[in-house]
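In what follows, a single structure is set out as structure tokens and then discussed.
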Amino acid sequence: MVESTGKNACVIGYPIKHSRSPRLHGFWLKQYDIAGRYVAESIAPEDLPAFMTSLKQGALDYCGGNATIPHKEAVLALADHADETARILGAANTYWVEDGMLHVSNTDTYGFLANLDDQAPGWDAPKTTGAKTAIVLGAGGASRAILYGLMMRGFKSIILANRTVERAQALAAHFSDIALTQSCNISPQSMAQAQTQVSHADLLVNTTSLGMVGQDELVFSLKDIPATAVVTDIVYTPLETSLLKEARANGNRTVDGLGMLLHQAVPGFEKWFGIRPEVTDQLRNHLLQDL
Ligand code: ATR
């Protein structure tokens with residue numbers, strides 16, 4: 001048994017009932033024999049500042065945790081120190097207290113990249129000719145974290161497609177400085193326009209909620225996608241979305257969205273509990289049993 005740190009962590013959200021984080025972190029706490037707990041806390045938006053003040057004063061039983069909807073922007077605003085990714089994304093999903101100060105991070109970009117590194121090694125390898133091209137469907141918070149990651153991994157052309165094209169334009173504008181520094185062209189488009197570009201894709205990512213159980217299907221044909229392209233979806237219910245099924249039938253490498261959830265949790269667990277946990281098949285199966 002690892003010496004009890006007396007440390008506990010929690011995920012805050014509103015509502016929070018459906019969070020899978022307690023199951024995920026609970027698995028690791030047991031695996032590494034750590035005498036800590038990870039629980040869900042329902043915190044209404046108006047109660048968040050008081051929660052963070054109490055946390056910093058050591059009045060709560062937590063050393064940190066995760067933040068989910070609707071707290072990701074507010075937690076960043078309340079932070080005494082935010083890491084570069086959180087500042088660039090304008091949102092935080094991980095927090096902890098150090099010397100009475102609230103520190104925050106955003107691990108979504110890390111989770112997205114680590115999942116692809118794990119499941120599709122070489123997915124970001126440079127090309128000998130032409131710009132490495134990604135098509136990203138969706139322009140919400142998840143898309144923001146993913147766009148940043150793709151720029152950091154050398155994608156020089158990103159087609160950013162969204163139902164509401166203005167939102168894709170606003171996201172491209174948000175990243176205009178970084179895109180310039182990275183010599184990356186982000187092209188906001190409609191879904192229909194992006195459909196005509198699919199033959200250029202080295203990577204296709206669905207960041208919308210389309211294809212999720214209870215939502216409409218994503219209508220996007222992969223008929224013309226290169227056989228070498230990697231296709232990934234952030235939706236993980238079902239684990240194999242229609243998009244991934246079509247990609248697999250085409251012979252493309254596919255990466256499901258569950259891995260992003262698992263990998264984004266790694267840096268937080270290490271921060272709170274002092275052990276860098278592993279993403280394993282056993283962990284995946286443990287989460288799958290409850291999807
Ligand atoms: P998240 O933070 O998970 O990315 P979000 O910010 O609500 O969530 O973004 C959801 C994304 O899914 C958006 O790109 C949204 O498109 P709009 O910006 O046009 O709303 C997309 N999305 C959700 N439902 C959709 C639908 N029925 N058709 C097309 N796109 C949809």
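Just so you know, ligand 1 is whichever comes first in the structure, and atom 1 is the first atom listed for that ligand.
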Atom 16 (O) of ligand 1: the protein heavy-atom neighbour that sits closest, reported with distance to 0.1 Å: N162 OD1, 3.3 Å
Structural part of L210 in contact with ligand 1, heavy atom criterion under 4.0 angstrom: side chain
Ligand 1 to R163 polar contact by distance, N or O atoms, under 3.5 Å: yes
Nearest-option assignment for atom 12 (O) of ligand 1, heavy atoms, candidates V165, T164, T208, L160: T208
For V136 against S143, the heavy-atom pair lying closest together: CG1-OG, 3.7 Å
Nearest protein heavy atom with distance in Å, relative to atom 13 (C) of ligand 1: R167 NH1, 3.6 Å
Shortest protein contact, atom 23 (C) of ligand 1 (heavy atom only): S209 OG, 3.4 Å
Sub-4.5 Å side-chain heavy-atom contact between N206 and T241: no
S187 side chain to Q189 side chain, donor-acceptor N/O pair below 3.5 angstrom: yes
Ring geometry between F269 and H25 (parallel below 30°, tilted from 30 to 60°, perpendicular above 60°): parallel
Sub-4.0 Å protein heavy atom near atom 7 (O) of ligand 1: no
Check ion pair K156-D202 (N to O, under 4.0 angstrom): no
Heavy atom of the protein closest to atom 9 (O) of ligand 1 (residue, atom name, distance): G140 CA, 3.6 Å
Per-atom contacts of ligand 1 with G138, taking only distances under 4.0 Å to non-hydrogen atoms: 14 (O)
Any side-chain heavy-atom pair of I12 and M52 under 4.5 Å: yes
Ring centroid separation Y38 to W272 under 6.0 Å: yes
Protein heavy-atom partner closest to atom 3 (O) of ligand 1 - residue, atom, separation in Å: A142 CB, 4.2 Å
Backbone or side-chain N or O of A139 under 3.5 Å from ligand 1 N or O: yes
Parallel, tilted or perpendicular: rings of W123 and F112 (30°, 60°): perpendicular
Protein heavy atom at shortest distance from atom 2 (O) of ligand 1: G141 N, 3.2 Å
